[in-house]
2 protein chains.
Amino acid sequence: MDAIAQPLPEETSTIADRVFGQLRLAIVEGKIPAGSKISEPETAARLGISRGPLREAMRRLEACNLVERRPNIGARVITLSNEQLIEIYLIREALEGMAARLAAERMSTAGIKDIKALLEQHRREIARDDWQAYFQKEGDMDFHYRIVQGSGNQRLIGILCDDLYHLARMYRCQFGMVSNRARDALKEHELIVDAIAERDGELAELMMRRHIRASRQNVERQLATDTTT
Amino acid sequence: MDAIAQPLPEETSTIADRVFGQLRLAIVEGKIPAGSKISEPETAARLGISRGPLREAMRRLEACNLVERRPNIGARVITLSNEQLIEIYLIREALEGMAARLAAERMSTAGIKDIKALLEQHRREIARDDWQAYFQKEGDMDFHYRIVQGSGNQRLIGILCDDLYHLARMYRCQFGMVSNRARDALKEHELIVDAIAERDGELAELMMRRHIRASRQNVERQLATDTTT
DNA sequence: TCAAACCAGATTGTCGACACTTTGAATGGA
DNA sequence: TCCATTCAAAGTGTCGACAATCTGGTTTGA
């Protein structure tokens, strides 16, 4: 179901790899509070491991921009600001636009059929009860995930699926962001897939960018009214 | 001069950070051959350090996609394929296009003046002797580097300057790629800066994307004629 | 009373050593 | 001669311990 969780084989042989996945999940889901310090002795003891593998995992988290580290002081979970959320949306607009273009050129017809089936399922879910917005939001990520996979560009896939999507999920988990535009989003998704099915890369990119831009502007509106930070 | 080297304070307090920078530079410049295995005991001894900090540095290199690591086997420097080079150009097209758009909206007038001065200098260099294509190529990176900085989007800056630009430089160093379109590139650079100076984000993005696309197509032509891989 | 120096405790950075896995060659049998 | 097995050497993964640094509170002096 959850396509994002896939990159973790969960039975990797080395402790450092496993702990990296655990910590990333804990940070993304907010089980380790944003901005909190991660003490090496305490964390190592809690996980029942030594500090060596833990430090290796921390270095990878640092490279993913999930923790900030200062020499001789320690590592803290990043704090989420509204500005950074907007930054991510802008990058996604550019990157996923390109992904949609490439997917239109290179995706297999079978893959396109799969996505259409996914959207059909989303349509049924939304028709049943609209309030399941959060669930739909995860479905939204599923959709984007598949488009990116369809691009076939390994490095593009890596940037989005290994780093940015985790960050986006972190924002969703922590701010409890609920989409109030599930219907509009589904409509836009369908237009994107139509363009891909027509092998119209230019249109697919245009539609994807417009879709993500709309999401961003929606978030910006919410942030402006919610709390004046 | 070399704006890329800047992110290395070079006197970071921890060994792991320093070694990370050293190894990244050595890999990018080809001093550690592509595809070669990096032995931990040997490398640690050569650098006069222990294996602990070295492993931390390797984990960061792994996260930067500069080395591939397999548990219980070891780490190898990535091997460069033509396909991956094209992948990077496609990502740069999307990302730097967005950067140019943002720079047009947010860059300071002083920063724009600086870039204009840089281009003026490039113009003089090219007028003197065109064969200094490689030098111009580094200048080309300088230009792109400044545009990205001008975007003000910290995460965008990080993706491009911390990861992609090092990879791009790695390709240039290893394949000894020489630009045969310095004059065209300069012209395109000037059009981009003009659009930014006019605060026309849409045009700036369009021009930047066209510029990078032209570079990519030029490389594709060279690769097609050079060696039929 | 306030500020600067100081000191103890804890934390990070680094190292050397041990256990487990892989690798490659040598050995033995068919 | 060729293939499977065995075994030793090297390398990776992990751990515990020591040195260097930071933190916060206490003491001391003006």
Side-chain angles (χ1 to χ4, degrees), chain A residues 7-27 31-79, chain B residues 7-27 31-79:
Chain A
L8 294 177
E10 198 53 54
E11 199 43 58
T12 338
S13 50
T14 128
I15 292 183
D17 289 332
R18 209 161 19 209
V19 165
F20 168 71
Q22 286 180 238
L23 287 180
R24 181 170 66 178
L25 194 62
I27 291 173
K31 287 173 182 168
I32 303 178
S36 68
K37 177 166 159 53
I38 298 183
S39 161
E40 289 182 11
E42 184 215 316
T43 309
R46 187 161 48 82
L47 297 177
I49 62 172
S50 169
R51 278 179 53 218
L54 175 62
R55 283 176 66 86
E56 291 181 27
M58 299 289 293
R59 281 330 242 263
R60 286 180 65 185
L61 291 174
E62 181 190 6
C64 291
N65 289 298
L66 281 173
V67 305
E68 286 170 345
R69 211 183 48 81
R70 285 193 312 178
N72 288 313
I73 292 187
R76 312 189 78 87
V77 179
I78 57 165
T79 57
Chain B
L8 293 177
E10 199 52 59
E11 199 43 58
T12 339
S13 50
T14 127
I15 293 183
D17 289 333
R18 211 160 20 211
V19 164
F20 168 71
Q22 286 180 239
L23 287 180
R24 182 171 64 179
L25 194 62
I27 290 173
K31 287 173 182 168
I32 303 178
S36 68
K37 179 167 156 50
I38 298 183
S39 161
E40 288 183 12
E42 184 215 317
T43 308
R46 187 160 48 80
L47 297 177
I49 63 171
S50 169
R51 279 178 52 218
L54 175 62
R55 283 176 66 88
E56 291 181 28
M58 300 288 292
R59 281 327 244 260
R60 286 181 65 185
L61 291 173
E62 180 190 8
C64 291
N65 289 298
L66 282 173
V67 304
E68 287 170 343
R69 211 182 49 80
R70 286 193 312 177
N72 288 313
I73 292 186
R76 312 190 79 86
V77 179
I78 57 164
T79 56

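Chain letters run A, B, ... following the sequence lines, proteins first, then strands; residues in each count from 1. Predicted model, so just to flag it, every value in this text is computed and none were measured.
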N/O (side chain, B:Thr14) to phosphate O (OP1/OP2, C:dT12) under 4.0 Å: no
Residues that B:Arg60 engages under salt bridge (Lys or Arg N to Asp or Glu O under 4.0 Å), provided they are two or more places apart: B:Asp17
Measure all distances between protein nitrogen or oxygen atoms and nitrogen or oxygen atoms of nucleotides 15-18 of chain C, and list the pairs falling under 3.5 Å.
| from | atom 1 | to | atom 2 | distance (Å) |
| --- | --- | --- | --- | --- |
| C:dC15 | OP2 | B:Ser50 | N | 2.9 |

Counterpart residues, side chain to side chain contact (heavy atoms under 4.5 Å, CB included), relative to A:Glu68 (two or more places apart): A:Ile78
side-chain N/O A:Lys37 vs C:dT12 OP1/OP2, d < 4.0 Å: yes
D:dG13 OP1/OP2 closer than 4.0 Å to side-chain N/O of B:Arg55: yes
Enclosure of A:Lys37 NZ (heavy-atom neighbours >12, cutoff 6.0 Å): yes
Partners passing side chain to side chain contact (heavy atoms under 4.5 Å, CB included) against B:Ile73 (at least two apart in sequence or in another chain): B:Arg70
N/O (side chain, B:Arg69) to phosphate O (OP1/OP2, D:dG13) under 4.0 Å: yes
Partners passing side chain to side chain contact (heavy atoms under 4.5 Å, CB included) against B:Ser36 (at least two apart in sequence or in another chain): B:Ile32, B:Pro33, B:Val77
Sequence-distant partners of B:Ser39, side chain to side chain contact (heavy atoms under 4.5 Å, CB included), two or more places apart: B:Pro41, B:Glu42
OP1 or OP2 of C:dG13 under 4.0 Å from side-chain N/O of A:Arg59: no
Closest listed nucleotide, where the reference is the side chain of A:Glu56 and the choices are C:dG13, D:dT12, D:dT14: D:dT14
A:Ala16 vs A:Arg70, nearer the 5' end of DNA chain D by closest nucleotide: A:Ala16
